[in-house]
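Every value quoted in this text rests on a predicted model; they were computed, and no experiment measured them. Below, each value reflects all heavy atoms present in this structure, side chains not excepted, and no hydrogens, waters or symmetry copies.
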Amino acid sequence: MAGITLDSLTKSYGPTEVLHHIGADIEDGEFVVIVGPSGCGKSTLLRMIAGLESITSGEVFIGDKMVNGLEPADRDIAMVFQNYALYPHMTVRQNMAYGLKIRKMPKAEIDRRVQEAAEILEIAQYLDRKPRQLSGGQRQRVAMGRAIVRDPQVFLFDEPLSNLDAKLRVQMRLEIRKLQKRLGVTSIFVTHDQVEAMTLGDRLMVLNGGYVEQFGTPIELYERPASVFVAGFIGSPAMNFFRATADGLSVTLPNGAVVPTAQSARGGVICGLRPEHLVRDPSGPIEMEVELLEHLGGVTLLHGPLQGTDQQMVISLEGISEVQIGDRLRFSLPPELVYLFDAQTDRRIG
């Protein structure tokens, strides 16, 4: 096994730089998720690590070896793609064994590895079927099995669950996490789904426009987001943001409501409030009129404008709420759960 070091990686297409000095140290056996919106450079970065995309500047190390000049086949990695990339005319067994056969590995060793991987992934009964005879989840297991049999130093996953339905995605991401823990292989997983990222990763790298916004554990990103972008991207439902004026240990919202804060600031700020942190309080400073209700069983989401403004907000209440559309409600939250961001730089204050 091996760790991965990314040293000031950049990628340009002609005069346009799309990745900007990406740096990270990924530990041996760590599961890192690269997350961000479509077009932010996630898959490009993964393909640069894999050797499928050229590096404009910077270096990639796998273990203590700089691999910039190595072909993908020489980097001791295995990649699992979004579209499975299975050979339709081959059986599951042949698909899983193909890479080892090309490397001229002895047949007995190939058979042993394929059988072992198939049992780990619970697809041993499908070894003699063709991909068209399998469900999407089974095909994804085959693609993972093809990666496992190589016994690589690094697994790279490029949005491997995006073709699956919602229920199967949840099941498969749990299986991928358990599998990675069992095998202990350093892994990088690309997704645009922040819930997927939060449940899978030991650490998350949040990309935005080709820049690393923040690199840390899921809890660090949730509790201590470095910027407005991270605060809005991590967490579901997304954080509510308001332009506000800070005056020491309080902020004044656009409608004049004064909210106590634990972080001292002055002047124009962006105030962030997580929907799940707001609690019913008849004397609370935050008032909204409910325009829409979403009953999700475990929680009820309230949608409506901050009173006196046309700025929409979301509030999450536990359980099934008796709230009705048209109700005017007040809320408060602990001062330490009020997030303040610099209005010019979007970086978190404090």
Side-chain angles (χ1 to χ4, degrees), residues 1-9 19 22-37 40-50 60-65 67 75-82 120-121 140-141 143-144 147-148 150-162 164 169-208 211-227 229-236 348:
M1 307 307 169
I4 300 171
T5 299
L6 310 179
D7 185 5
S8 195
L9 285 186
L19 286 175
I22 307 294
D25 290 312
I26 298 169
E27 298 174 8
D28 184 8
E30 191 174 18
F31 197 123
V32 166
V33 178
I34 303 173
V35 64
C40 70
K42 305 182 299 295
S43 292
T44 299
L45 177 57
L46 195 75
R47 290 171 64 83
M48 289 165 69
I49 297 168
V60 176
F61 290 84
I62 297 178
D64 56 2
K65 180 188 293 185
V67 299
R75 297 192 182 198
D76 201 9
I77 60 167
M79 195 160 180
V80 180
F81 296 93
Q82 175 180 344
I120 289 172
L121 294 164
Q140 191 54 268
R141 284 188 175 88
M144 290 165 55
I148 291 170
R150 295 187 57 189
D151 192 21
Q153 291 194 88
V154 175
F155 282 142
L156 302 178
F157 297 90
D158 190 6
E159 303 215 39
L161 307 182
S162 58
L164 306 180
R169 284 184 73 151
V170 173
Q171 178 187 338
M172 286 299 298
R173 74 183 182 221
L174 292 175
E175 290 186 10
I176 287 175
R177 192 65 177 109
K178 288 192 293 185
L179 177 67
Q180 192 272 340
K181 285 290 187 186
R182 175 175 176 175
L183 299 176
V185 179
T186 307
S187 300
I188 302 177
F189 187 105
V190 160
T191 181
H192 63 274
D193 184 328
Q194 57 97 4
V195 174
E196 202 163 271
M198 292 282 284
T199 55
L200 279 172
D202 295 318
R203 286 192 293 166
L204 314 184
M205 177 186 290
V206 181
L207 284 188
N208 179 27
Y211 290 94
V212 177
E213 287 274 343
Q214 193 169 353
F215 187 31
T217 68
I219 296 303
E220 285 172 351
L221 270 61
Y222 177 82
E223 293 185 342
R224 297 184 293 281
S227 66
F229 180 83
V230 175
F233 195 81
I234 300 297
S236 182
R348 186 166 63 89

Aromatic plane relationship, Phe157 with Phe31 - under 30° parallel, 30 to 60° tilted, over 60° perpendicular: parallel
Any side-chain heavy-atom pair from [X] and [Y] closer than 4.5 angstrom?
{"X": "Ile22", "Y": "Leu207", "value": "yes"}
{"X": "Asp158", "Y": "Gln82", "value": "no"}
{"X": "Met172", "Y": "Met144", "value": "yes"}
{"X": "Ile176", "Y": "Val80", "value": "no"}
{"X": "Asp193", "Y": "Arg169", "value": "yes"}
{"X": "Val60", "Y": "Met48", "value": "no"}
{"X": "Met205", "Y": "Ile188", "value": "no"}
{"X": "Ile49", "Y": "Val154", "value": "no"}

Looking at [X] and [Y], what are the two nearest heavy atoms and their distance?
{"X": "Thr186", "Y": "Gly29", "value": "OG1-N, 2.8 Å"}
{"X": "Gly41", "Y": "Leu19", "value": "O-CD2, 3.8 Å"}
{"X": "Ile77", "Y": "Ala50", "value": "CD1-CA, 3.4 Å"}
{"X": "Arg141", "Y": "Gln171", "value": "NH2-NE2, 3.4 Å"}
{"X": "Arg203", "Y": "Glu27", "value": "NH2-N, 4.4 Å"}
{"X": "Leu204", "Y": "Met198", "value": "CD1-SD, 4.0 Å"}

Step-by-step side-chain contact (heavy atoms from CB on, under 4.5 Å) determination, Thr199 to Arg177: CA-CA 9 Å; Thr199 55; Arg177 192 65 177 109; over 6 Å; no
In Å, rounded to the nearest 0.5 Å, how long is the span from [atom1] of [X] to [atom2] of [Y]?
{"X": "Glu30", "Y": "Asp202", "atom1": "CD", "atom2": "CG", "answer": "5.5 Å"}
{"X": "Phe189", "Y": "Leu46", "atom1": "CZ", "atom2": "CG", "answer": "10.5 Å"}
{"X": "Thr5", "Y": "Asp64", "atom1": "OG1", "atom2": "CG", "answer": "9.5 Å"}
{"X": "His192", "Y": "Ser162", "atom1": "NE2", "atom2": "OG", "answer": "7.0 Å"}

Side chain to side chain donor-acceptor pair (under 3.5 Å) partners for [X], two or more places apart:
{"X": "Arg47", "value": "none"}
{"X": "Ser227", "value": "Glu213"}
{"X": "Thr191", "value": "Glu196"}

Side chain Gln194, main chain Gly235, donor-acceptor under 3.5 Å: yes
Side-chain (Lys42) to main-chain (Pro37) donor-acceptor, under 3.5 angstrom: yes
Test side-chain contact (heavy atoms from CB on, under 4.5 Å) applied to Phe233 and Asn208, step by step: CA-CA 10 Å; Phe233 195 81; Asn208 179 27; over 6 Å; no
Check against side-chain contact (heavy atoms from CB on, under 4.5 Å), Leu121 and Leu179: CA-CA 8 Å; Leu121 294 164; Leu179 177 67; 4.0 Å; yes
Pair Val230-Glu220, side-chain contact (heavy atoms from CB on, under 4.5 Å): steps then yes or no: CA-CA 11 Å; Val230 175; Glu220 285 172 351; over 6 Å; no
